[in-house]
Amino acid sequence: MSEPSNTPTQSNFIRDIMIADRESNKHGGTVRTRFPPEPNGYLHLGHAKSICLNFGLAAEFGGTTNLRFDDTNPAREEQEYVDSIIDNVRWLGFQWDKALFASDYFEQLYQWAVQLIKQGQAFVCDLPAEEMRKYRGTLTEPGTHSPYRDRSIEENLDLFARMRAGEFPDGARTLRAKIDMASPNLNMRDPVMYRILHAHHHRTGDDWCIYPMYDYAHGQSDSIEGITHSICTLEFEDHRPLYDWFVEQLGIHHPQQIEFDRLNLTYTVLSKRKLLQLVTEGHVRGWDDPRMPTLSGIRRRGYTPEALRSFCGVIGVGKTNGINELGLLEHYVREDLNKRVNRVMAVLRPVKVVIENYPDDTVELLEAVNNPEDAAAGSRTVPFSKVIYIEQDDFREVPPKQFYRLSPGKEVRLRWGFFITCTGVVKNDAGEVVELRATYDPASRGGNSPDGRKVKATIHWVSAAHAIDAEVRVYETLFSKENPNQVPEGGDFLDNINPNSLEVLTGCKLEPALVGSVPGDKVQFERLGYFCVDNDSTPGNLVFNRTVALRDSYAKIEKREQGK
RNA sequence: UCCCCGAUCGUCUAACGGUAGGACAGCGGCCUUUGGAGCCGUGAGUCGUGGUUCGAAUCCAUGUCGGGGAGCCA
């Protein structure tokens, strides 16, 4: 079996099908896919999986992918969503062959409906929604024929034309396929093809007052576009026989539908309905809130398309319905950022340190490496002076065992700077540490002592006189439960919202190299994590988002100790 | 109760009747001017029961468990 070039990191059953189809020349050896979102919400991580699959596979086999908006329901679709989707797909790094809309096919779809009526395979039904449900039967009992099922072709043609002409009010009639009311597959029990909806459509305006159901539009849209492999999620498995039926009766190109398991992630909800609810009820600051799993949100958070693509490539594709660990995604974010992003020092919760034996008005410029993973990133200078800030967390008056940062009498290294030894602690009336005293070893400039003396820890710092202030937003998962949908009787997913998902830190002290940062800039704050400049920043007031923390093995030790 | 789909380390995923492998997570170590990164090592799995076969994660039967299905939503 010959493997295509550009083999992805991992194969999957859909790819295997494409390889087999190419071998057997099933679709003339070509692959044409499509990504078919409904423009009724923002794209999220689950869509990223589908996008990577559709575009990735087509590209691998030398085929093309269309972006098609399945806009068959004017009630909930909007241009804003179309725009965001286009923007998101581009950002992810994919280029579509054509950008299309199911609404482009409304006339063709209508003509095909007429054809089915003429073939005696569709009829106009006057049953109100309530009644139609009764006639449909149940999961265990067959349905019964609509009393309108045997209308003549002429009458159906006339009625359908008048539906289109706007002669009837919303919900008065439907066009239904005539299939099998006894089918164990409910989708085959004379499903609705068209409903009357006097609604303004975001693209066709008021041209139509009847709109095709997704089930009637989707397969034919694929067919029109010559889609070979129509990839969709598992819940459409039961619909496949219906899609097959339509294209067979119509005698048109028959795309091959393949269903895969949608993405689930721990601590995350990936349902458009729930995401919309989070936005409209104000639980987050908008679709692009950095805590949201939307592509707009994670982009603002600082995730990269490269990391996302790696993640999607490695999670695999199957039909199992599992839940992926958020940690795996974060791993790929760190992996990507680690090699591309510059290091810089920032103190988020500052405590002042006065270096008693350092001259009062001297400033030294110390050289600091920008990225140990990338020699080409070069180096910069960092100002050092008598008063500096360090992280509150890096000092313990009474150090627990295995804590080897600063504590009274202990010596640590200031990154790219000097060794300092803590000589005193200044507290306020409440007993809180407000300032530390220290001495430094001038011979240790740059970070090494000529006498070969070792220190256990290296901590980051910022010169007080040179620091720039900033706001830093530290995020945790939006939900505190691995599976946010798991709730006790009577509760809902909102009960699992993590009250600590956003912590806003102000008065953070940044190294001066960060002046002039612009939204989207990404850096690593040494020892803390990856951060990016938020769009809320103004030239005088930088705002950073924590994209993801660095792995922290001391935190693990600490947790373990506390658990004892 | 009826139909469809699925079940492999903690999680996700490979195997296509012939040695159950990888990634993440975990654990141990090395290295380190980030308790970062990197490197090395290690524990951990075929849902149950029958059957077919020289040989079964894979094929068959059956049970169990999980997911989906009765919108004029997609």
Side-chain angles (χ1 to χ4, degrees), chain A residues 9-12 16 36-38 40 70-73 75-77 125 127-129 132-134 136-143 170-176 183-187 189 191-197 210-211 213-215 217-218 232-241 259 261 266 272-273 311 314-325 327-332 334-335 338-339 343 345 368-369 371-373 402-405 413-417 419 444 446-448 455-460 482 524-529 549-558:
Chain A
T9 44
Q10 183 160 298
S11 194
N12 61 64
D16 292 343
E38 184 194 10
N40 68 340
D70 274 333
D71 53 352
T72 54
N73 186 349
R76 30 185 237 182
E77 292 148 9
C125 184
L127 248 23
M132 195 185 292
R133 193 179 325 130
K134 288 179 191 157
R136 188 153 34 228
T138 68
L139 292 174
T140 51
E141 300 153 16
D170 285 4
R173 294 181 214 265
T174 56
L175 181 73
R176 295 224 259 162
S183 173
N185 182 343
L186 290 279
N187 296 122
R189 318 241 264 225
V192 172
M193 295 165 58
Y194 274 88
R195 74 287 218 188
I196 300 173
L197 241 35
I210 57 171
Y211 289 92
M213 296 290 290
Y214 173 86
D215 274 356
H218 186 77
C232 66
T233 42
L234 254 23
E235 70 270 26
F236 294 104
E237 220 158 6
D238 287 339
H239 298 241
R240 178 166 18 102
E259 307 88 9
D261 53 359
T266 55
K272 276 195 196 174
R273 200 209 98 225
F311 173 74
V314 84
I315 52 175
V317 181
K319 298 168 82 91
T320 33
N321 248 308
I323 184 160
N324 283 90
E325 289 175 345
L328 184 60
L329 209 209
E330 292 182 331
H331 164 79
Y332 284 102
R334 289 195 191 96
E335 182 189 72
N338 174 51
K339 55 189 189 220
R343 275 63 167 169
M345 292 193 287
V369 170
N371 185 352
E373 305 295 322
Q402 296 197 73
F403 180 90
Y404 40 84
R405 277 108 92 157
R413 171 167 41 232
L414 295 178
R415 172 136 249 224
W416 310 121
F419 286 6
S444 64
N448 283 303
V455 288
K456 270 278 212 175
T458 301
I459 65 175
H460 59 275
E482 269 208 7
Q524 181 196 107
F525 289 168
E526 293 231 23
R527 305 206 305 133
L528 298 176
L550 252 25
R551 290 191 54 180
D552 184 349
S553 49
Y554 178 70
K556 242 184 317 195
I557 294 169
E558 210 176 19

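Just so we're clear, the structure is a prediction, and the values are computed from it rather than from any experiment. These numbers come from the heavy atoms of this one structure, side chains and all, not from hydrogens, waters or symmetry mates.
B/U58 and B/G6: their P atoms are spaced 15 Å apart (whole Å). To the nearest whole angstrom, the two C1' atoms, one in B/G38 and one in B/G45, are 29 Å apart. For the C1' atom pair drawn from B/U52 and B/G17, the interatomic distance equals 11 Å after rounding to whole Å. Here the separation of B/U11 from B/G26, taken at their C1' atoms, is 12 Å to the nearest Å. For B/G22 and B/A44, the P atoms lie 13 Å apart once the distance is rounded to whole Å. Nucleotides B/C4 and B/G63 are separated by 14 Å at their P atoms, to the nearest Å. Of the P atoms belonging to B/A20 and B/G35, the separation is 43 Å, rounded to the nearest Å. Comparing B/A25 with B/A37, their P atoms sit 9 Å apart, to the nearest whole Å.
Contact annotation: A/T320 side-chain N/O to B/U13 OP1/OP2 distance is under 4.0 Å. Contact check, A/R527 against B/G35: a side-chain N or O comes under 4.0 Å of OP1 or OP2. Taking only side-chain nitrogens and oxygens, A/R240 never comes nearer than 4.0 Å to OP1 or OP2 of B/C3. When the side-chain nitrogen and oxygen atoms of A/R334 are compared with OP1 and OP2 of B/G36, none of them lie within a distance under 4.0 Å. Of the side-chain N and O atoms in A/R136, one or more sit less than 4.0 angstrom from OP1 or OP2 of B/C72. Close to B/C73, at under 4.0 Å from its OP1 or OP2, lies no side-chain N or O of A/K272. Between A/R551 and B/A25 there is a side-chain polar atom (N or O) within less than 4.0 angstrom of OP1 or OP2. For the pair A/H331 and B/C24, the criterion of a side-chain N or O lying under 4.0 Å from OP1 or OP2 is met. For the OP1/OP2 pair of B/A74 and a distance below 4.0 Å, the side-chain nitrogens and oxygens of A/T72 include at least one atom meeting the criterion. Between B/A70 and A/K134, no contact under 4.0 Å exists linking OP1 or OP2 to a side-chain N or O. The side chain of A/R195 contributes an N or O atom lying less than 4.0 Å from OP1 or OP2 of B/A74. For B/U1, the OP1/OP2 oxygens have no side-chain nitrogen or oxygen of A/T138 closer than 4.0 Å.
Position along RNA chain B of the nearest nucleotide to A/L414 versus A/E38 favours A/L414 as the more 5'-ward residue. For A/N185 and A/N338, each mapped to the nucleotide of RNA chain B holding its nearest heavy atom, the one lying further toward the 5' end belongs to A/N185.
Rounded to a whole Å, the CZ atom of A/F311 is 21 Å from the P atom of B/G22. One atom, CZ of A/R405, and another, P of B/G35, lie 7 Å apart when rounded to the nearest Å. Atoms CG (A/N324) and C1' (B/U13) sit 9 Å apart, rounded to a whole Å. A/Y332 places its OH atom 14 Å from the P atom of B/U13, with the value rounded to the nearest Å. Going from atom CD1 of A/I315 over to atom P of B/A14 covers 11 Å, rounded to whole Å. Regarding A/N12, its CG atom lies at a distance of 11 Å from the P atom of B/U13, rounded to whole Å. To the nearest angstrom, P of B/U32 lies 11 Å from CG of A/N448. The CE-P distance, from A/M193 to B/G71, rounds to 19 Å in whole Å.
Residue A/R415 has its side chain nearest to B/U34 when only B/U34, B/U1, B/A74 are considered. For A/T458, the listed nucleotide lying nearest its side chain is B/G35; candidates were B/G35, B/C72, B/A74. Comparing B/A37, B/G67, B/C72 by their closest approach to the side chain of A/M213 singles out B/C72. Side-chain proximity of A/D238 to the nucleotides B/U13, B/G69, B/A70 is greatest for B/G69.
The side-chain heavy atoms of A/R343 and A/R527, taken from C-beta on, include no pair separated by under 4.5 Å. Taking 4.5 Å as the limit, every side-chain heavy atom of A/E558 sits out of range of all side-chain heavy atoms of A/Q402. Counting heavy atoms from C-beta on, the side chains of A/H239 and A/H218 never come closer than 4.5 Å.
Across all strands shown, A/G322 has heavy atoms under 4.0 Å from sugar-phosphate atoms exclusively, and none from any base.
Look at B/C2: its Watson-Crick or wobble partner, with both distances under 3.5 angstrom, is B/G69. Pairing partner, B/A74: none, since no Watson-Crick or wobble contact has both distances short of 3.5 Å. Of all nucleotides present, only B/U13 satisfies the Watson-Crick or G-U wobble test against B/G21, with each distance under 3.5 Å. The partner of B/G36 is absent, by the rule that a Watson-Crick or G-U pair needs both atom distances under 3.5 Å.
The base of B/C16 sits with one of its N or O atoms less than 3.5 Å from a complementary donor or acceptor on the side chain of A/D16. Looking at A/E325, its side chain comes within 3.5 Å of the base of B/G10 through a donor and an acceptor atom. Between the side chain of A/Q524 and the base of B/U34 there is at least one donor-acceptor pair of N/O atoms closer than 3.5 Å. Contact annotation: side chain of A/E373 to base of B/G36, donor-acceptor pair present below 3.5 Å.
Between A/F403 and A/Y554, the two ring planes are perpendicular [angle over 60°; tilted spans 30° to 60°].
Counting only distance, with no hydrogens or angles, the side chain of A/R195 and the backbone of A/G171 share no donor-acceptor pair below 3.5 Å.
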